[in-house]
Each structure stands twice: as structure tokens, then as C-alpha cells.
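Data block below; observations after.
For ligands, and for the atoms within them, numbers begin at 1 and follow the listed sequence. Scope of the values below: all heavy atoms of this structure, side chains included, with no hydrogens, waters or symmetry mates.
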Amino acid sequence: MVKVAVLISGGGTNLQALIDACAQDGFPAEILKVFSNVPDAYGLERAKKAGIDTMVINHRDFESREAFEERLHTEITASGAKLICLAGFMRILDARFVNRWKNRMLNIHPSLLPAFRGLHTQERALEAGVRFSGCTVHFVNPELDDGPIINQAVIAINPNETAEELAARVLELEHLIYPQALKLVAEGRVRVVSNKIRISNTDYADKNIINPVIE
Ligand code: GAR
């Protein structure tokens with residue numbers, strides 16, 4: 001069983017999708033703790049309802065990004081988690097933190113990466129006139145919304161829809177692909193080779209090994 005920490009900043013609908021997946025029989029991951037940098041993030045309530053330990057580490061309480069991330073790293077490690085899922089965690093993490101969790105930290109982003117990194121993705125997609133939008137789960141590299149892509153889902157854009165409507169439709173897809181990506185990683189079927197993902201059919205026997213990362 002792979003032990004996971006989830007980091008959130010907001011509503012936590014992706015967290016909910018991960019909680020629901022982990023509750024299913026035979027799912028190979030377990031959420032040990034949910035961390036939020038925002039004290040009143042609704043996702044904390046979702047975790048508590050599911051009986052999952054929570055902790056607020058408010059970045060505003062720290063003098064520097066480095067100090068905040070050092071504390072975050074210490075607490076995540078102390079929780080026993082071996083894998084991090086960023087689920088609407090809206091702080092940029094610096095290279096030191098990211099490299100400590102290299103190929104052990106997943107993120108979900110509401111665009112077809114590498115297109116539309118950053119914020120306001122659906123507004124920008126509509127503005128650009130692209131025909132498709134979607135979402136991506138990837139391992140986290142130090143660059144913003146970057147890293148080896150584990151899975152993606154695509155949706156055709158309706159030219160008459162608003163950014164909010166599109167975002168809501170993409171969010172539904174996020175809830176499908178994030179648990180799927182976590183399952184693949186937790187089963188040890190995901191390898192990183194030359195910054196790209198290879199997914200094997202082999203279910204590695206030892207579930208305590210996150211993934212045999214090969215670079
Ligand atoms: C989701 O759409 C997620 O993809 C996005 O924030 C939202 C969080 O919603 N993340 C990013 O934009 C990261 N760059 P949620 O709190 O309901 O899961």
C-alpha cells in the first residue's frame with residue numbers, strides 16, 4: 001500500500017476523488033494526511049469527514065519560501081507519506097523541495113500540457129481559439145506545471161460555452177484521471193525514462209516500493 005500525502009489550497013474536489021478511490025477495495029494507495037497552506041480550505045473538511053489527519057501550514061506564517069517548504073517537507077516526511085499528490089495546491093514549490101520529491105510528487109493541471117501552464121487556463125484556451133481542452137496528471141519538475149506526463153483527458157470545446165462552463169466540464173475529467181494516475185504509480189507501473197513516462201503491464205510485487213524510477 002503506497003502512503004500518500006495530499007496538498008491542497010482550496011475546495012478539494014480532486015482530493016475528494018482521491019479519497020473515494022482510496023476507499024475502494026484493492027486500491028493500492030492510502031492517504032495518510034492532507035496538508036493545506038490555506039487555513040479555511042474546504043478540502044480540509046472533506047479530509048476530516050473521511051477520517052484523514054489534516055494539517056495547516058500557512059505560508060504567511062513563514063519569513064521565506066524556503067522556511068515554509070522546509071517545514072512542509074519535515075511534516076510530510078514525519079507523516080510517513082512516500083508520495084505527494086498536489087490537488088489544487090496553489091503555491092509554487094522551489095527546486096530544492098521538488099528535487100527532494102523527484103518522481104514522487106504528482107500534480108493535476110486543467111490543460112493539455114505543455115499548453116497553458118499557470119492560471120486561467122480555460123479563459124486562455126477560449127481566447128486562443130483552440131478546439132480542445134483537457135487536463136493532465138504529471139510528475140512535478142521544478143518548472144511551473146511541467147514534468148513527465150502520466151495521463152491526460154481531452155474534451156472538445158463548445159465555442160459558445162463560457163470559461164466557467166468549460167472549467168466545470170474539465171474538472172469532471174480531472175476526477176477520473178487523477179485516481180487513475182495514482183493507481184498506476186502506486187502499482188509501480190510508471191517509470192520515467194528520459195523525462196517521459198513508460199507504463200508497464202507488470203504489477204510489481206512489492207507495493208512498498210513506489211516506483212522503480214529509471215532515468
Ligand atoms: C483544479 O482544476 C486543478 O486542476 C487546478 O486547481 C483546481 C483545484 O480544484 N490546479 C492547478 O491549476 C495547478 N496549476 P479542487 O480544489 O476542487 O481540486
Side-chain angles (χ1 to χ4, degrees), residues 4-23 29 31 33-50 52 54-59 65 68-69 72 83-95 97-98 101 105-128 130 132-155 157 161-182 185:
V4 177
V6 182
L7 274 54
I8 61 166
S9 301
T13 65
N14 277 291
L15 165 66
Q16 189 67 57
L18 296 177
I19 290 172
D20 294 346
C22 288
I31 301 171
K33 198 155 182 163
V34 171
F35 295 87
S36 174
N37 66 312
V38 176
D40 61 355
Y42 181 68
L44 291 167
E45 301 307 317
R46 296 179 187 274
K48 283 174 195 159
K49 268 185 210 148
I52 299 168
T54 62
M55 181 178 272
V56 172
I57 304 180
N58 187 343
H59 58 280
R65 184 186 295 276
F68 165 67
E69 292 181 5
L72 199 55
L83 187 78
I84 296 175
C85 288
L86 304 179
F89 183 71
M90 303 312 261
R91 296 291 299 170
I92 291 172
L93 294 163
D94 78 8
F97 184 96
V98 171
W101 292 92
M105 178 157 62
L106 278 61
N107 180 44
I108 186 147
H109 183 73
S111 78
L112 294 171
L113 291 175
F116 305 118
R117 296 181 167 116
L119 298 173
H120 311 300
T121 50
Q122 310 312 345
E123 285 90 333
R124 286 155 60 213
L126 291 175
E127 183 113 332
V130 295
F132 298 94
S133 184
C135 47
T136 305
V137 181
H138 62 99
F139 281 125
V140 177
N141 275 357
E143 292 75 34
L144 179 69
D145 297 321
D146 183 58
I149 291 169
I150 299 167
N151 60 355
Q152 294 184 304
V154 182
I155 202 167
I157 292 179
E161 72 188 325
T162 65
E164 289 72 27
E165 287 163 346
L166 179 56
R169 293 202 299 129
V170 169
L171 193 61
E172 281 182 36
L173 291 180
E174 294 183 40
H175 301 157
L176 294 179
I177 70 165
Y178 210 173
Q180 186 186 70
L182 175 58
V185 171

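Protein residues having at least one heavy atom under 4.0 Å from any atom of ligand 1 are G11, G12, T13, N14, G88, M90, I108, H109, P110, D145, L171, E174, listed by chain and number.
Taking CG of N107 as the start and CZ of F89 as the end, the distance is 10.5 Å to the nearest 0.5 Å.
At least one donor-acceptor pair closer than 3.5 Å links the side chain of T121 to the backbone N or O of P110.
Counting heavy atoms from C-beta outward, I19 and V34 have side chains that stay 4.5 Å or more apart.
The side-chain contact (heavy atoms from CB on, under 4.5 Å) check on I92 picks up R65, L144, with sequence neighbours excluded. Residues satisfying the side-chain contact (heavy atoms from CB on, under 4.5 Å) test with A17, not counting sequence neighbours, are H175, P179. For I155, the side-chain contact (heavy atoms from CB on, under 4.5 Å) criterion is met by S133, L166, R169, V170, L173, not counting sequence neighbours.
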